There are 2 protein chains.
Amino acid sequence: MSDQAAAALWPDRPADAQGERTETARRLLLAAVDSFARRGYHATTTRDIATAAGMSPAALYIHYPSKAALLSEISRAGHQATLDLVLAAAGAPGGPVERMRRLVEDFTSWHARGHTVGRIVNHELHALPEEEFEVVAELRRQIEEAVLALIRQGVASGAFDVQDIRTAARAVTSLGIDVSRWYTERSSETPEELGRRYGVLVLRMLGSTA
Amino acid sequence: MSDQAAAALWPDRPADAQGERTETARRLLLAAVDSFARRGYHATTTRDIATAAGMSPAALYIHYPSKAALLSEISRAGHQATLDLVLAAAGAPGGPVERMRRLVEDFTSWHARGHTVGRIVNHELHALPEEEFEVVAELRRQIEEAVLALIRQGVASGAFDVQDIRTAARAVTSLGIDVSRWYTERSSETPEELGRRYGVLVLRMLGSTA
DNA sequence: GACCTGACTAAGCGCTTGCTTAGCATGTTG
DNA sequence: CAACATGCTAAGCAAGCGCTTAGTCAGGTC
């Protein structure tokens, strides 16, 4: 379960360099992910997190300056991983249709596999300290802009046919984001299978002629 | 602002019979909607709610037995209003295409106009007392089932063309629900206009030939 | 006038919260 | 060996929490 959270936060980093932190700090962070996702940030106590990581409450403060710092680190890494994935798909070789298909597949399966991190990333924004919120808001703007640009390219090349690009982009990201709200490990579809199906639906929605 | 919340909770009830409560109780409930939506249930204090309603903290307990009772009432009324709207659209006269278009338009515009109530309904489920959660979960099942049945009808009649009905239904409800996460009064589109655009996108997604 | 009722407030109780302090082992360095 | 750094715990502090208590006051009833 925390393996999935770790994969969502540090997609291609080896286990011994994740977030450049010690093993204990990582355990605390993954315990925080679990509890923030299950109960919400405000309903989670520092005692919950420390206990889940097998330590006393005070140990948390050796590795992180505050409860909010844990949220910030999760939110920042989660958003960065999402942006990386979006930029990789949008900038891949090939036409707009293939790139959009990959974008939706990767975006959706990321939100399914890492639904715990995804819930925090998308539903606990309001709990972030304002300074951190601004950083994260900028990452979100870049994600939206990448999707917008890809749709615009597709429309220009005749591959897509939509009347309102902005609404279409909203719908595409919205579909993927909301997966983190309802997906559970008990869902019948694998993240990859869900990604493929959503890819088909989105291409149709965009009026893809392919 | 609370007008919108009131409309989302008691869609066609006259102002003097909303929830069959006194004016003061209604003011407290709408203050709770505002704060729960803005800060989240756990971050909201009973003092916040009472102060926003222009009263002392103790006054809340004359009208409601607990903070959780406020959440329960909001969640229950919000889910019931959504189910009513879905059933009305799905059971209207006409073919599957027209009914689905109306369902998406109404479902989407409800989540836009009443995005405060919508946020609570969809993102504070975990804070509900277990007994109340079960009631609400049943309402959610009925909403999902109505959408599922309508898509099934459309596929049977040849109006729709989807490979996986369950995933399609998920996508339809998911698109509408997520509107409550990102929509604000400052959005450029009116709830109705957004509903119309989402209606077009969804019909395409379902492979509608009309 | 005496009494009751219903909506409200001032004050505060018991508890939990995020976080701090003081101290204790262990391993490393001179 | 002494001296120190590191990673942890036991205990607890100030603040804030949901909720209760005791009492005020206006309006109605006899």
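The figures that follow rest on heavy atoms only: side chains count, while hydrogens, waters and symmetry mates do not. Predicted, not measured: the structure shown is a model, and the values here were computed from it.
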Checking [X] side chain against [Y] main chain: does a donor-acceptor pair fall under 3.5 Å?
X       : Y       : result
S75(B)  : L71(B)  : no
T184(B) : R186(B) : yes
H63(A)  : L60(A)  : no
Y64(B)  : A25(B)  : yes
D48(B)  : T45(B)  : yes
T44(A)  : S35(A)  : yes

Carboxylate-amine/guanidinium proximity below 4.0 Å for E138(B) and R141(B):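 Answer for the salt bridge query: yes.
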
Close approaches to DNA chain D from residues 64-72 of chain B, in residue order (heavy atom, under 4.0 Å):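 Only S66(B), K67(B) qualify.
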
Residue closer to the 5' end of DNA chain D, R27(A) versus T46(B) (nearest nucleotide):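 First, find each residue's nearest nucleotide; the 5'-ward one identifies R27(A).
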
Length of the line joining M55(A):CE and dT9(D):C1', which is rounded to integer Å: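 So the two atoms are 10 Å apart, to the nearest Å.
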
Length of the CG-P vector between L28(B) and dC19(D), whole Å: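 Whole-Å distance recorded here is 14 Å.
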
Criterion salt bridge (charged side-chain N to carboxylate O under 4.0 Å, His left out) on R76(B) and E73(B), from CA distance to verdict: CA-CA 5 Å; R76(B) 205 194 271 246; E73(B) 191 148 324; over 6 Å; no

Span of DNA chain C, from the first to the last nucleotide whose atoms fall under 4.0 Å of chain B heavy atoms: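 Using the under 4.0 Å cut-off, the span is dC8(C) to dG12(C).
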
Listed pairs, N/O of protein and of nucleotides 10-15 of chain D, under 3.5 Å:
from: dG12(D); atom 1: O6; to: R47(A); atom 2: NH2; distance (Å): 3.4

H79(B)-R140(B) side chain donor-acceptor pair, cut-off 3.5 Å: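 Yes, R140(B) and H79(B) have a side-chain donor paired with an acceptor closer than 3.5 Å.
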
Residue of the set E193(B), E105(B), E192(B), E185(B) for which salt bridge (Lys or Arg N to Asp or Glu O under 4.0 Å) holds with R113(B):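 Of all the options given, the one that passes is E192(B).
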
5'-most by nearest nucleotide on DNA chain C - T24(B) or T44(A):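 Here T24(B) is the residue nearer the 5' end.
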
